[in-house]
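Working notes, beginning with the structure itself.
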Amino acid sequence: MAREGEDWRMERHNGYRDECKGCGSNYQVSSSDIDRMLAAPIFSRSDVCVSDDEYNARLQVCRSCPRLLDGETCSACGCYVRVAAKLKSKSCPLPGGGLWPAVTSEAASGK
């Protein structure tokens with residue numbers, strides 16, 4: 001049952017709740033807020049971030065995932081996918097290994 005005065009999305013995909021983990025609309029971050037985050041100097045560092053090709057491949061996977069909310073947030077972990085997908089240390093949070101892995105130093109060097 002929907003709560004009065006709020007937009008609550010209920011189960012739609014494979015039994016997953018189609019809402020963020022406990023966050024209400026007052027915690028929503030806009031696309032321009034995420035753009036500002038990604039403009040920070042840390043996101044231009046190759047030792048921290050994946051290549052543009054890898055980033056775009058990760059985003060393509062996330063955009064086709066039923067756990068993506070409003071095109072920005074992963075309902076499995078609550079991250080902003082455009083931020084998480086940029087970072088080498090992050091991986092898809094879905095159980096069973098996720099849909100894309102973190103980049104380890106061994107993977108980056110081709111070993």
Side-chain angles (χ1 to χ4, degrees):
M1 172 175 236
R3 296 180 188 174
E4 188 176 335
E6 295 187 32
D7 176 27
W8 289 88
R9 288 161 280 188
M10 293 304 177
E11 297 183 23
R12 291 194 310 187
H13 304 289
N14 302 322
Y16 296 123
R17 289 180 62 92
D18 194 22
E19 59 186 44
C20 193
K21 294 180 166 219
C23 295
S25 60
N26 55 332
Y27 290 102
Q28 288 183 340
V29 173
S30 71
S31 182
S32 61
D33 292 332
I34 295 170
D35 290 342
R36 279 196 308 277
M37 286 181 224
L38 292 171
I42 189 90
F43 290 103
S44 63
R45 292 179 44 185
S46 63
D47 61 323
V48 175
C49 297
V50 297
S51 69
D52 288 343
D53 288 340
E54 179 69 17
Y55 177 62
N56 290 323
R58 288 177 170 195
L59 286 179
Q60 184 174 358
V61 169
C62 290
R63 288 182 181 130
S64 66
C65 182
R67 301 297 302 265
L68 183 65
L69 297 176
D70 300 324
E72 300 289 357
T73 306
C74 175
S75 65
C77 69
C79 75
Y80 303 121
V81 295
R82 289 196 297 139
V83 173
K86 191 75 171 158
L87 299 171
K88 286 182 175 180
S89 63
K90 297 293 185 182
S91 62
C92 172
L94 292 179
L99 301 174
W100 45 266
V103 176
T104 62
S105 57
E106 292 158 1
S109 65
K111 292 182 182 178

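Since we're looking at a predicted model, the values are computed, not measured.
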Original post:
Backbone N or O of Arg67 within a donor-acceptor pair of the Ser75 side chain at under 3.5 Å?
Top reply: yes
Item to complete: Apply the test side-chain contact (heavy atoms from CB on, under 4.5 Å) to residues Cys65 and Val81: give CA-CA distance (whole Å), side-chain angles for both, the deciding distance (0.1 Å), then the verdict.
Response: CA-CA 11 Å; Cys65 182; Val81 295; over 6 Å; no
Quick one: does any side-chain atom of Arg58 pair with a main-chain N or O of Leu87 as donor and acceptor, under 3.5 Å?
yes
Rounded to the nearest 0.5 Å, the CG atom of Leu59 sits from the OG atom of Ser64 at a distance of 11.0 Å
- Query: Does a side chain donor of either Asp33 or Ser30 reach within less than 3.5 Å of an acceptor in the other side chain?
  - Reply: yes
Exercise. Sub-3.5 Å donor-acceptor pair from the side chain of Tyr55 to the main-chain atoms of Arg82, do we have one?
Worked result: yes
Review point. Can you find a pair of side-chain heavy atoms, one from Lys86 and one from Asp52, that are under 4.5 Å apart?
Key: yes
For Lys90, the salt bridge (Lys or Arg N to Asp or Glu O under 4.0 Å) test, sequence neighbours excluded, returns none
CG of Leu94 to SG of Cys62, rounded to nearest 0.5 Å, is 8.5 Å
query = Is the shortest heavy-atom distance from the side chain of Pro93 to the side chain of Cys74 under 4.5 Å?
reply = yes
In short, Ser89 meets Ala102 closest at the heavy-atom pair O-CB, 3.7 Å
